[in-house]
Amino acid sequence: MNDRQTIVIKIGTSSLTHPTTGQLALSTIATLVETLTQLRQMGYRVVLVSSGAVGIGCSRLNLTERPKKMSLKQAVAAVGQGRLMRIYDDLFSGLGQAIAQILLTRRELMDRSCYVNAYNTFEELFELGVIPVVNENDTVAVDELKFGDNDTLSALVASLIEADWLFILTDVDRLYSADPRLFPHAQPISLVRWSELAQLQVEAGSSGSQWGTGGMATKLAAARIATSAGVKMVITSGKKPENISKILQGEELGTQFEPQPRTENARKRWIAYGLLPMGQLYLDEGAVKAICIGGKSLLAAGIINVKGDFTASDAVQLCDRQGNEIARGLVNYSSNEIERLKGQRSEVIPKLLGYEGAETVIHRDNLVILSVSM
Ligand SMILES: Nc1ncnc2c1ncn2[C@@H]1O[C@H](COP(=O)(O)OP(=O)(O)O)[C@@H](O)[C@H]1O
Ligand SMILES: N[C@@H](CCC(=O)OP(=O)(O)O)C(=O)O
């Protein structure tokens with residue numbers, strides 16, 4: 001019973017194309033389309049995040065390796081994205097399923113009004129019975145504003161639309177203790193509990209093919225984002241898209257990542273995952289306990305170090321003394337001001353800054369806990 005659950009499916013280049021020739025894996029794509037159409041008809045709200053623009057663009061232009069120069073990669077992606085959507089629209093249309101193209105850059109998720117607008121657009125598409133097909137807008141995404149990989153993009157989209165599931169389809173059947181291509185005795189991992197994820201130790205090497213980008217490291221980063229936002233994430237084989245339906249029916253396939261209970265509202269999720277942090281604040285043990293356990297605001301007295309160059313209202317990462325990220329938040333002061341305030345009691349802020357500023361460095365309403373490293 002899905003009671004209109006929302007599922008996001010990400011499929012990587014390594015599943016969409018042949019690892020050596022770069023040719024399209026048409027049977028895999030067709031099975032994926034059939035599976036997603038069936039799920040949509042069952043009442044699920046379905047989003048497909050699809051890589052492949054660069055890989056398919058290379059194939060179309062007879063390039064034998066993935067471009068390295070940014071401008072060439074963007075040009076090749078522009079060629080491939082059109083063909084990718086043509087392939088999807090031909091197959092989905094054959095089953096009577098309408099699709100939409102959504103191209104995103106980090107910028108769209110950083111601006112609060114854009115974040116809300118993107119959420120509303122997805123909601124309208126779901127009401128129309130459409131399956132959105134999402135990719136990074138490679139043609140315009142510049143380095144400092146790229147998601148970089150579609151594992152991260154898919155996790156941020158799943159958080160944005162408050163998805164119940166995120167399926168990451170790749171060219172291995174699950175996460176292993178090390179790359180099974182290189183370590184034949186690597187141990188399969190079937191379940192990762194929320195409390196284990198922060199300390200999970202695996203050899204998460206790079207991509208298994210020249211066409212992939214993320215490798216397993218970006219999939220673990222995606223798992224941290226998704227599960228923190230209350231989304232259950234599964235890594236499973238892209239060669240068997242039908243596994244999605246089996247997993248939704250309770251079969252324990254692939255690697256399943258347990259989500260933390262969804263407690264944060266949309267605004268706090270935007271703070272935690274939509275914004276790019278512009279710096280770091282390092283806290284002493286008392287401050288970590290106050291914000292993680294006590295749910296309190298961050299005061300200057302608990303700050304031991306500041307890194308980065310940011311202004312008031314920017315997003316920053318909050319780290320413990322060892323540098324482990326524990327939270328994110330919107331600051332009330334610039335990095336230069338916090339450098340002067342750190343370690344000081346709130347009463348002396350007006351004297352130190354020469355004006356009556358906020359009593360807190362980050363108010364608890366603008367603070368999102370990501371993990372508790374006590
Ligand atoms: N610990 C690990 N467990 C499983 N696969 C791993 C691990 N470390 C590295 N890999 C490699 O990651 C690859 C999947 O990443 P990638 O090639 O980027 O796929 P995609 O294109 O689907 O994102 C696998 O083919 C595998 O070779
Ligand atoms: N936007 C890029 C995505 C790159 C990417 O993340 O690829 P992959 O690691 O195969 O999921 C493309 O479409 O090629």
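For ligands, and for the atoms within them, numbers begin at 1 and follow the listed sequence. Atom set for the values below is all heavy atoms of this structure, side chains included, hydrogens, waters and symmetry mates excluded.
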A.B. asks: Of Asn135, Thr152, Asn137, which has the heavy atom at the shortest distance from atom 13 (O) of ligand 2?
C.D. replies: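 It is Asn135 that holds the nearest heavy atom.
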
A.B. asks: Remaining members of Leu191's ILVMFWY cluster at a side-chain heavy-atom cut-off under 4.5 Å?
C.D. replies: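 Grouped by the 4.5 Å side-chain rule, Leu191 forms a cluster of one, so the answer is none.
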
A.B. asks: One thing to verify: whether Glu123 and Arg45 come together as a salt bridge, which I'm taking to mean a side-chain N less than 4.0 angstrom from a carboxylate O.
C.D. replies: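 Salt bridge: yes.
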
A.B. asks: Does Arg174 approach ligand 1 within less than 4.0 angstrom via side chain, backbone, both or neither, non-hydrogen atoms only?
C.D. replies: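 Near ligand 1, Arg174 shows its backbone, while the atoms from C-beta on stay back.
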
A.B. asks: What atoms of ligand 1 come within less than 4.0 Å of a heavy atom belonging to Ala178?
C.D. replies: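 So the answer, numbered in order with elements, is 1 (N), 2 (C), 3 (N).
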
A.B. asks: Please determine, by modelled atom types, if Asn336 and Ser334 share a side-chain donor-acceptor pair under 3.5 angstrom.
C.D. replies: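 Ser334 and Asn336 do not have a side-chain donor-acceptor pair below 3.5 Å.
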
A.B. asks: Return the option from Asp151, Asn150, Leu16, Thr218 holding the heavy atom at the smallest distance from atom 6 (O) of ligand 2.
C.D. replies: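 Closest candidate by heavy-atom distance is Asn150.
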
A.B. asks: Does Ala53, backbone or side chain, put an N or O under 3.5 Å from an N or O of ligand 2?
C.D. replies: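 Yes; at least one N/O pair falls below 3.5 Å.
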
A.B. asks: Show the atoms of ligand 2 that are less than 4.0 angstrom away from any heavy atom in Lys10.
C.D. replies: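 Those atoms are 8 (P), 11 (O).
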
A.B. asks: Return yes or no for this condition: an N or O of Ser177 is under 3.5 Å from an N or O of ligand 1.
C.D. replies: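 No, since none of the N or O atoms of Ser177 sits under 3.5 Å from an N or O of ligand 1.
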
A.B. asks: Which ligand 1 atoms does Asp171 reach within 4.0 Å, using its non-hydrogen atoms?
C.D. replies: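 Per the distance check, 13 (C), 14 (C), 24 (C), 25 (O).
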
A.B. asks: Sort out for me which residue in Val49, Leu48, Asn150 forms a side chain to side chain contact (heavy atoms under 4.5 Å, CB included) with Val134.
C.D. replies: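 Among Val49, Leu48, Asn150, the one meeting side chain to side chain contact (heavy atoms under 4.5 Å, CB included) with Val134 is Val49.
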
A.B. asks: With backbone taken as N, CA, C and O and side chain as the heavy atoms from C-beta onward, which portion of Val172 lies under 4.0 Å from ligand 1: side chain, backbone, both, or neither?
C.D. replies: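 It is the side chain that gets close, since no backbone atom is under 4.0 Å.
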
A.B. asks: For Arg40 and Gln97, does a side-chain donor sit closer than 3.5 Å to a side-chain acceptor?
C.D. replies: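 Per modelled atom types, Arg40 and Gln97 side chains form a pair under 3.5 Å.
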
A.B. asks: What heavy-atom pair brings Val231 and Ala158 nearest, and what distance separates the two atoms?
C.D. replies: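 Where Val231 meets Ala158 most closely, the heavy atoms are CG2-O, 3.9 Å.
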
A.B. asks: Against heavy atoms of Gly12, which atoms of ligand 2 measure under 4.0 Å?
C.D. replies: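 Answer for ligand 2: 10 (O), 11 (O).
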
A.B. asks: For ligand 1, which atoms, with element, lie under 4.0 Å from some heavy atom of Pro180?
C.D. replies: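 Every atom of ligand 1 under 4.0 Å from some heavy atom of Pro180: 3 (N), 4 (C), 5 (N).
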
A.B. asks: Output yes when Glu127 and Arg4 qualify as a salt bridge under the 4.0 Å nitrogen-oxygen rule, no when they do not.
C.D. replies: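 Salt bridge between Glu127 and Arg4, a charged N being under 4.0 Å from a carboxylate O: yes.
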
A.B. asks: Looking at ligand 1, does Lys10 have a heavy atom less than 4.0 Å from it?
C.D. replies: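 Yes; Lys10 lies near enough to ligand 1 that a heavy-atom distance drops under 4.0 Å.
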
A.B. asks: Salt bridge or not for Arg181 and Asp171, using N-O below 4.0 Å?
C.D. replies: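 Judged by the 4.0 Å cut-off on N to carboxylate O distance, Arg181 and Asp171 do form a salt bridge.
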
A.B. asks: Any ion pair linking Asp151 and Lys10 (charged N to carboxylate O, less than 4.0 Å)?
C.D. replies: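 Looking at Asp151 together with Lys10, the answer is yes, because their closest N to O distance falls below 4.0 Å.
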
A.B. asks: Examine the proximity of ligand 1 to Ser15 and report which part, side chain or backbone, both or neither, has a heavy atom under 4.0 Å away.
C.D. replies: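 It is neither; nothing of Ser15 touches ligand 1.
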
A.B. asks: Does any N or O of ligand 2 fall below 3.5 Å from an N or O anywhere on Ser51, backbone included?
C.D. replies: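 N/O-N/O distance under 3.5 Å: yes.
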
A.B. asks: Against heavy atoms of Thr13, which atoms of ligand 1 measure under 4.0 Å?
C.D. replies: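 So the answer, numbered in order with elements, is 21 (O).
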
A.B. asks: Would you call Arg345-Glu347 a salt bridge at under 4.0 Å N-O?
C.D. replies: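 Yes, Arg345 and Glu347 are salt-bridged.
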
A.B. asks: Using a strict 4.0 Å cut-off to heavy atoms of Gly52, name the atoms of ligand 2 that fall inside it.
C.D. replies: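 Those qualifying, in numeric order: 12 (C), 13 (O), 14 (O).
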
A.B. asks: For atom 1 (N) of ligand 2, which candidate among Ile168, Asp138, Leu103, Thr13 holds the nearest heavy atom?
C.D. replies: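 The nearest heavy atom belongs to Asp138.
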
A.B. asks: Atoms of ligand 2 less than 4.0 Å from Asp149 heavy atoms?
C.D. replies: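 Here the atoms of ligand 2 in question are 6 (O).
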
A.B. asks: Under 4.0 Å between a Lys/Arg side-chain N and an Asp/Glu carboxylate O for Arg321 and Glu285?
C.D. replies: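 Yes, charged N to carboxylate O under 4.0 Å.
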
A.B. asks: Please say whether Gly55 places an N or O atom under 3.5 Å from an N or O atom belonging to ligand 2.
C.D. replies: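 No - when backbone and side-chain N and O of Gly55 are compared with those of ligand 2, no distance drops under 3.5 Å.
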
A.B. asks: Side-chain donor-acceptor contacts of residues 84-96 below 3.5 Å, not counting sequence neighbours, with atom names and distances?
C.D. replies:
residue: Arg86; atom: NE; partner: Asp90; partner atom: OD2; Å: 2.7
residue: Tyr88; atom: OH; partner: Ser50; partner atom: OG; Å: 2.7
residue: Asp89; atom: OD1; partner: Ser93; partner atom: OG; Å: 3.4
residue: Ser93; atom: OG; partner: Asp89; partner atom: O; Å: 2.5

